[in-house]
*Asks:* 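Quick one: the structure is below, questions incoming.
Computed from a prediction, not measured in an experiment: that's the story for all the values here.
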Amino acid sequence: MENGGRKDFLPSTDLSEFLKTEKLGESWYVLSNEDVSVLVDTVKPRIFMVYVHGQFGTLQQLIYHPNGYEREMGMWGIVPTYYVDGEKFFPFLHVKHVKGIYLDNPPEKVVFDRRQNRIKMVGVKCFSEEKRKLGNITMEILLNNNKIKLVVDYPKEAERTEVSSVWYPLYNKYRQNDISEWRDIEYFQEGFMGHYEPYFEKMVDKNINLFDKYGRVPQIRISSFGKSCYLKSGTDPHRGNVFNLQILIKGDNKRDKVIFEFLPNPISIRVNPLITAGKSERVEIYSKEKPKVYLDEQVISVTKEKEGVYKTKIIARKGKHILFVRTTQGVSCRKFYAVGEVEPSLVKMGKTAVKLPWKTMSLNNIVPSMYTLDSLEPRLRIGVSFIHAYRIIPVIITTALISKDKSYVNRAFECVEAVVKKSHQFDNGDLLTPIGWDSEGKPALTNASRPSDLGIIIRALLYTYYGLRYFKDNRAKKCLDYASRYAHTLLRMQNSDGGFNCRNTYPDLKGVPKAEGRGTVNNWIIQVWELANIYEGVNSVRANELKQMCIRYIDWYFFKRKPNALRVCGSGENAPNHTDALANLSAFALVKYLSSGEEIYKQYAEQAFKMAAFTCMHFIDQPEHSFFPALYKLGQFYNQPDGVLSYGGMHDLEIIEAGLFLKKYLNFDFGEYVASYNFGDRLAAYIKDNGAIYGFVAKAPNYYYRREDAAETLDYGGVGIYGYYYVTRKR
């Protein structure tokens with residue numbers, strides 16, 4: 001699409017049309033219709049996520065809990081449990097105080113009916129927190145129109161039962177039935193006796209309705225059919241007093257039947273979370289009567305398109321905006337961002353990026369791990385300049401292509417060659433970089449060199465190669481040779497079964513047994529595969545060695561690793577079944593398809609990427625985080641509450657690179673669209689006027705923090721990779 005000589009890049013929809021009833025991988029299922037979608041996990045059996053779209057307006061995710069560690073333990077979502085002798089039993093293996101563990105607990109049988117939008121899990125084993133096994137349950141989930149029906153059959157030993165559901169806490173009103181008065185949901189912190197109360201719990205009745213008076217999230221009606229509904233709301237004192245909202249269905253029968261019904265608000269707004277600044281954009285408003293619409297407090301006109309649907313056109317300047325809609329029946333409020341021109345933003349970042357490398361003798365031209373946001377001075381991170389910072393190179397090369405200024409490529413070459421000079425060289429010329437260097441330029445954390453770190457420097461060398469080739473500079477061959485020598489070191493690191501250790505010692509490459517388990521993090525296979533493709537015309541033997549190494553690792557990951565990666569993906573430091581791990585899985589499956597031609601791996605590649613994309617945030621009050629992978633483990637590094645969903649790091653790079661990889665080889669449009677939204681997230685709210693990028697941000701209802709003094713250089717990774725794609729794709 002073209003717009004006044006400027007190329008548009010943002011998707012024209014919120015991508016909810018890609019949600020459909022299907023199986024994803026070996027363990028996840030989607031039940032979907034035009035208005036509601038449900039993501040079901042059969043590894044830790046539960047309803048993991050619930051999305052509304054269609055008549056409810058813009059795509060949004062409704063399930064949320066401020067304790068991110070409970071996501072890995074399986075507590076996020078809609079989860080049935082039961083009690084025996086006061087002990088609580090869960091439909092998964094509960095791993096307490098152990099990070100990164102995601103044990104496999106598959107049902108004995110799964111019955112999936114696409115036509116009926118129904119899934120039944122039979123023989124789900126249940127365990128206490130102490131891992132004591134007692135009894136099985138059967139769970140049936142049915143999506144019918146706007147209703148999710150959950151039926152649970154418990155074992156005979158169950159003395160009382162409980163279905164827990166946690167909701168994004170924008171709801172501020174509740175009532176017991178459809179005719180009673182709405183009452184305030186109290187997220188209070190001060191108890192009635194003046195002491196601290198993190199939450200209150202109130203029995204409501206067998207039915208409960210939730211409502212947001214600002215019209216951001218749809219109404220929910222929860223019916224328990226004779227059981228008791230308990231409303232539990234308040235704050236989480238361990239996580240910055242983030243709001244928390246939970247509905248518990250309690251009873252003593254051997255069967256639970258619960259219906260979650262979603263009801264449209266008097267007004268719903270459909271507007272993309274990110275739009276192009278200065279471009280006319282369509283907005284749909286669903287309302288029975290003609291609404292009055294305000295854009296940033298200015299009245300704008302609307303026209304009736306059909307019964308219950310009104311439309312308007314908006315043209316917004318760069319920045320954050322608020323749509324406010326009012327009728328006699330209610331109001332609705334929606335935030336969105338207008339993103340400005342891409343190339344000036346990329347050049348601004350590139351001009352900053354070349355200023356950041358160290359200028360000291362010991363670290364000259366090494367890219368720092370961190371830098372100050374205002375003065376742009378390099379800084380160490382915990383006393384180390386990590387190789388992770390070399391994710392900055394693509395944005396420098398992108399700037400060179402936009403500006404036609406070779407000095408940027410020269411700067412990139414100086415930085416990558418500085419790493420080469422500091423790397424260990426084996427007798428045959430293979431190269432190995434440590435994880436980083438201390439202030440004196442000596443290798444640091446020498447028990448933590450990782451296979452994926454080599455992928456980071458290979459990526460930097462490949463992009464520098466592309467830049468030098470563009471300017472017809474013979475040093476491009478030198479970059480290619482360096483990249484090949486780093487990649488060849490991976491053969492030394494690969495185990496006999498095809499797997500890798502998460503970490504190795506430097507430079508003797510011994511495995512570190514106490515690290516985070518076997519397997520690698522990051523999309524390093526993409527870089528090695530692309531390098532091998534280039535080498536096909538240079539050194540076919542080397543190209544074949546590298547490709548076979550990738551394939552052997554993928555085979556280990558799919559067929560030898562336990563549990564199977566298609567059931568529980570993630571390895572090394574990757575959080576299991578997190579967006580990063582799923583994006584990597586999609587890249588692995590694509591390489592397997594490219595090498596074997598087996599159609600099933602193409603399907604797995606697309607399915608894994610869908611899993612990655614739809615496990616991003618999608619919260620309606622955070623439009624600048626559309627399709628951005630949320631993390632909950634970053635707070636500990638920034639003196640912030642651990643567990644609160646956060647933004648930052650290289651996680652946009654992981655999904656951007658995988659999405660564009662799938663677009664390149666499969667013409668998978670969804671991969672490009674998700675990458676575009678991730679790129680847009682950065683441009684919308686996180687680029688400073690001086691070209692620096694805000695890094696760590698923790699954001700949730702009732703809590704906000706953004707680091708203002710410094711950021712990690714690796715934040716440039718995603719924008720650089722997408723920026724290069726943006727300026728080199730066919731205009």
*Asks:* For V242, does its backbone N or O pair with a side-chain atom of T235 as donor and acceptor, under 3.5 Å?
*Replies:* no
*Asks:* Please determine whether a side-chain nitrogen of the Lys or Arg among K120 and E140 lies less than 4.0 Å from a carboxylate oxygen of the Asp or Glu.
*Replies:* no
*Asks:* Taking the ring of W182 and the ring of F211, is the distance between their centroids below 6.0 Å?
*Replies:* yes
*Asks:* Determine, for R282 against E284, whether the closest basic-nitrogen to carboxylate-oxygen distance falls under 4.0 angstrom.
*Replies:* yes
*Asks:* Taking all heavy atoms of R270 and all of G57, pick out the closest pair and write down the distance.
*Replies:* NH1-O, 3.1 Å
*Asks:* For Y694, does the six-membered ring have the charged nitrogen or CZ of R706 within the cation-pi criterion, i.e. under 6.0 angstrom from the centroid and within 45° of the normal?
*Replies:* yes
*Asks:* How about CD on Q116, more than 12 heavy atoms from neighbouring residues, nucleotides or ligands closer than 6.0 Å, or not?
*Replies:* no
*Asks:* Counting C-beta onward and ignoring hydrogens, is there a side-chain heavy-atom pair between R175 and R221 closer than 4.5 Å?
*Replies:* no
*Asks:* Ignoring hydrogens, what is the shortest heavy-atom contact between G68 and R239? Give both atom names and the distance.
*Replies:* N-NE, 4.5 Å
*Asks:* List the steps, then state whether side chain to side chain donor-acceptor pair (under 3.5 Å) holds for T579 with T615.
*Replies:* CA-CA 6 Å; T579 297; T615 51; 3.0 Å; yes
*Asks:* I want to check something: taking the side chain as every heavy atom from C-beta on, are N244 and S233 in contact at a cut-off of under 4.5 Å?
*Replies:* no
*Asks:* Once the angle between the rings of Y647 and Y686 is folded into 0 to 90°, is it parallel (under 30°), tilted (30 to 60°) or perpendicular (over 60°)?
*Replies:* parallel
*Asks:* Flag yes if more than 12 heavy atoms outside D178 fall under 6.0 Å of its CG atom; otherwise flag no.
*Replies:* yes
*Asks:* Which heavy atom of P641 sits nearest a heavy atom of G240, and at what distance?
*Replies:* CG-N, 3.5 Å
*Asks:* Give a yes/no verdict on a cation-pi contact between K147 and F262, requiring under 6.0 Å between NZ or CZ and the six-membered ring centre and an angle within 45° of the axis.
*Replies:* no
*Asks:* Do other residues, nucleotides or ligands put more than 12 heavy atoms under 6.0 Å from K149 NZ?
*Replies:* no
*Asks:* Establish, yes or no, whether the cationic atom of K88 lies under 6.0 Å from the six-membered ring centre of Y83 and within 45° of the ring axis.
*Replies:* no
*Asks:* Assert yes or no for the condition that the ring centre distance of Y168 to F243 is strictly below 6.0 Å.
*Replies:* no
*Asks:* When you look at H625 and K699, which way does the side-chain contact (heavy atoms from CB on, under 4.5 Å) test go after all the steps?
*Replies:* CA-CA 10 Å; H625 298 158; K699 186 174 182 181; 4.1 Å; yes
*Asks:* Between H618 and F627, is the ring centroid distance below 6.0 Å?
*Replies:* yes
*Asks:* Does atom OH of Y214 have more than 12 heavy-atom neighbours, drawn from other residues, nucleotides or ligands, at distances under 6.0 Å?
*Replies:* no
*Asks:* Would you check if the distance from the ring center of F619 to the ring center of Y64 is below 6.0 Å?
*Replies:* yes
*Asks:* Taking the basic N atoms (NZ, or NE/NH1/NH2) and the acidic carboxylate oxygens, is any pair closer than 4.0 Å for K250 and E201?
*Replies:* yes
